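Reviewing the structure listed below.
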Amino acid sequence: MPVPILKQGQVLIASIQAALTDQDLLQLQDELAEKVGRFRSRGVIIDVTALDVMDSFATRTLRGIAATTRLRGAKTVVVGVQPDVAIAIVQLGLTLHGVATALDLEEGFELLKQSATWNRSL
Amino acid sequence: MPEQRPAVPFRITEFAPSDIERRLEFVNLGPDDREHIVAVKPDVVDHLDEHVAAFFEHLNKFEESRGLTGRPELLEEARRLKREHLVAMVSGDYGRDYIEQRFQLGQVYSRAALEVSIFMGAFHALMSSIGRRIVSRFPAKPIDGFEHFTSIKKVAFFDIAIIVDAMMADREQTIRQQEEAIRELSTPTLQVRDGLLILPIIGLLDTQRAKQLTDSLLHAIRVHRARVVVMDITGVATVDSKVANHLIQTVEAAALMGASVIVTGVSAEVAQSLVTLGVDLGRIRTLGDLQGGLEEAERILGYSVVRGAGSFEPA
């Protein structure tokens with residue numbers, strides 16, 4: 001199932017609704033890379049609240065998305081990681097280094113507002 | 001610690017008929033023995049009071065058995081069960097009901113905090129009393145008396161095993177409950193400001209506890225919407241590489257939830273040993289003491305505490 005990407009001001013919000021295949025993840029990466037340029041976005045929020053598993057491919061792709069969008073001028077924040085998912089990620093030795101994280105959508109917006117490069121006209 | 005099925009059934013409901021059979025095989029109770037037991041039945045049943053008295057008189061001699069002898073209601077129940085026990089012992093039927101009675105008696109002893117060692121002494125006094133009656137029935141051939149007594153002793157050993165198991169099971173259950181309680185108590189997560197939690201860790205940090213601690217911290221982060229957590233390890237006496245690894249995992253898991261963790265209270269010894277072990281805590285923000293941690297957290301969150309005139313009055 002492809003991930004819907006919403007635009008809110010200068011922020012793109014990718015809200016993951018169900019478990020994703022590797023193909024869906026790659027498609028998400030491509031779409032975000034493209035839309036960040038098209039909408040001149042400064043921030044990307046990926047909401048993973050609905051995910052109850054995250055494997056190595058998913059964490060790697062999220063790192064990839066963060067790196068890609070940074071090159072395109074947008075900061076990526078992953079929000080809504082569940083406690084059990086967080087424990088699993090750490091225990092599997094996976095990381096989200098280089099990716100900003102926040103508790104939920106609201107905190108994610110806060111974080112983007114605070115970042116130094118942020119355009120105040122959000 | 002994985003939950004494993006105990007080797008000894010804890011409750012009467014866990015005793016399968018095959019378990020009972022097996023236990024009877026353990027004490028080697030055969031058809032001959034059952035005949036012997038029927039033959040000496042009067043020696044036990046006709047002198048019930050004498051035998052029961054031998055058991056409790058023995059207990060009375062020792063201060064350590066006050067838990068039972070000093071509590072009339074328990075003592076009364078124990079006496080009643082003991083009488084039933086002796087009658088059942090020579091009935092020849094050692095099924096489920098019999099086991100259940102043994103369990104009840106074992107639980108009475110364990111409620112009375114009766115030590116296994118004292119119980120064994122008293123049980124021996126009881127068996128001696130029975131033995132004397134049986135042997136005196138065969139004045140001409142003492143060896144026959146001995147054979148008969150041996151048969152009944154097999155049942156006695158069968159009983160002791162069950163009663164001791166019941167006493168042990170009761171004690172183990174208490175220990176498990178206490179462990180659980182300590183575990184629950186030992187990892188509180190406290191909110192001190194909006195968005196700021198403190199997590200004081202005291203005592204030994206093993207894998208099980210580290211897991212539980214991480215779990216409760218992550219849930220607290222979500223419930224309190226925390227952004228900063230100050231983890232104080234002043235109360236952790238030793239930190240080896242395993243414990244350090246647990247701490248790193250906790251910090252990283254919290255980071256995935258969008259909270260940053262400040263570790264405080266790393267003592268000089270702990271710091272030295274971490275460096276010696278070559279554990280890399282470089283990704284973790286550490287500060288000397290809890291106060292420093294709180295001040296740093298307040299700075300991050302934008303709080304500023306200003307000291308005013310105050311209103312201190314000695315109580």
Side-chain angles (χ1 to χ4, degrees), chain A residues 11 13 15-16 43-63 65-66 75-116 118, chain B residues 187 189 191 193-197 199 205-229 231 241-261 263 279-285 297 299-303:
Chain A
V11 179
I13 302 168
S15 175
I16 297 173
V44 174
I45 294 179
I46 302 177
D47 185 0
V48 297
T49 309
L51 288 187
D52 43 19
V53 231
M54 239 190 255
D55 58 10
S56 56
F57 190 81
T59 52
R60 194 174 67 111
T61 311
L62 288 177
R63 288 201 306 272
I65 291 174
K75 181 184 173 90
T76 293
V77 186
V78 173
V79 303
V81 178
Q82 301 293 313
D84 294 345
V85 177
I87 293 174
I89 288 176
V90 171
Q91 281 180 348
L92 289 172
L94 309 174
T95 60
L96 283 180
H97 291 159
V99 186
T101 46
L103 190 68
D104 54 18
L105 195 60
E106 194 181 346
E107 295 282 322
F109 265 109
E110 274 303 302
L111 190 71
L112 286 176
K113 268 188 207 164
Q114 283 170 6
S115 44
W118 192 251
Chain B
T187 49
T189 320
Q191 173 161 338
R193 299 265 187 277
D194 268 357
L196 171 54
L197 296 179
L199 177 72
L205 204 57
D206 56 13
T207 309
Q208 167 77 17
R209 193 166 162 222
K211 243 184 219 153
Q212 201 222 338
L213 183 137
T214 310
D215 203 59
S216 73
L217 174 64
L218 296 193
H219 283 96
I221 288 173
R222 190 160 66 171
V223 171
H224 297 291
R225 307 183 59 80
R227 287 184 183 172
V228 181
V229 179
M231 183 153 83
S241 55
K242 214 164 148 192
V243 173
N245 232 337
H246 289 316
L247 293 179
I248 293 171
Q249 289 196 340
T250 307
V251 171
E252 294 200 338
L256 289 173
M257 303 269 300
S260 69
V261 178
V263 176
V279 178
D280 178 20
L281 287 185
R283 285 203 302 270
I284 297 183
R285 200 182 326 206
R299 197 189 57 71
I300 295 171
L301 290 168
Y303 287 107

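Just so we're clear, the structure is a prediction, and the values are computed from it rather than from any experiment. Because only heavy atoms are used, hydrogens play no part in the values below, and waters and symmetry mates are left out as well, while side chains stay in. A note on names: the letters A, B, ... follow the listed sequences, proteins ahead of strands, and every chain is numbered from 1.
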* **Sole candidate of A:Leu96, A:Thr95, A:Val48, A:Val85 that passes side chain to side chain contact (heavy atoms under 4.5 Å, CB included) when paired with B:Leu256** =>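 The passing option is A:Leu96.
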Going by atom type alone, with no hydrogens or angles, which donor-acceptor pairs under 3.5 Å involve a side-chain atom of residues 49-59 of chain A and a protein atom two or more places apart or on another chain?
{"residue": "A:Thr49", "atom": "OG1", "partner": "A:Asp47", "partner atom": "OD1", "Å": "2.4"}
{"residue": "A:Asp55", "atom": "OD1", "partner": "A:Phe57", "partner atom": "N", "Å": "3.3"}
{"residue": "A:Asp55", "atom": "OD1", "partner": "A:Ala58", "partner atom": "N", "Å": "2.8"}
{"residue": "A:Thr59", "atom": "OG1", "partner": "A:Asp55", "partner atom": "O", "Å": "3.3"}
{"residue": "A:Thr59", "atom": "OG1", "partner": "A:Ser56", "partner atom": "O", "Å": "3.0"}

* Name all pairs fulfilling the side chain to side chain donor-acceptor pair (under 3.5 Å) condition that reach into residues 80-92 of chain A, sequence neighbours left out, sorted by first residue then second. => A:Gln82-B:Arg222
* To do: Could you tell me which non-hydrogen atom of A:Pro83 sits nearest to which non-hydrogen atom of B:Met257, and how far apart they are?
  => N-SD, 3.7 Å
* Asked: How close do B:Leu218 and A:Ala86 get, heavy atom to heavy atom, and via which atoms?
  ->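 For B:Leu218 versus A:Ala86, the nearest heavy atoms are CD1-CB, 3.7 Å.
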* Asked: By a 4.5 Å heavy-atom criterion (distance strictly below it), what part of B:Asp215 contacts chain A: side chain, backbone, both, or neither?
  ->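 It is both, since atoms from each part get that close.
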* To do: Could you look at B:Ile221 and say if it's the side chain, the backbone, both or neither that has a heavy atom under 4.5 Å from chain A?
  => both
* With sequence neighbours left out, write down each residue that passes salt bridge (Lys or Arg N to Asp or Glu O under 4.0 Å) with A:Arg63, or none if nothing qualifies. =>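 Listed in chain order: nothing, the list is empty.
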* **Per-residue contacts, residues 97-107 of chain A versus chain B, heavy atoms under 4.5 Å** => A:His97, A:Thr101, A:Ala102, A:Leu103, A:Asp104, A:Glu106, A:Glu107
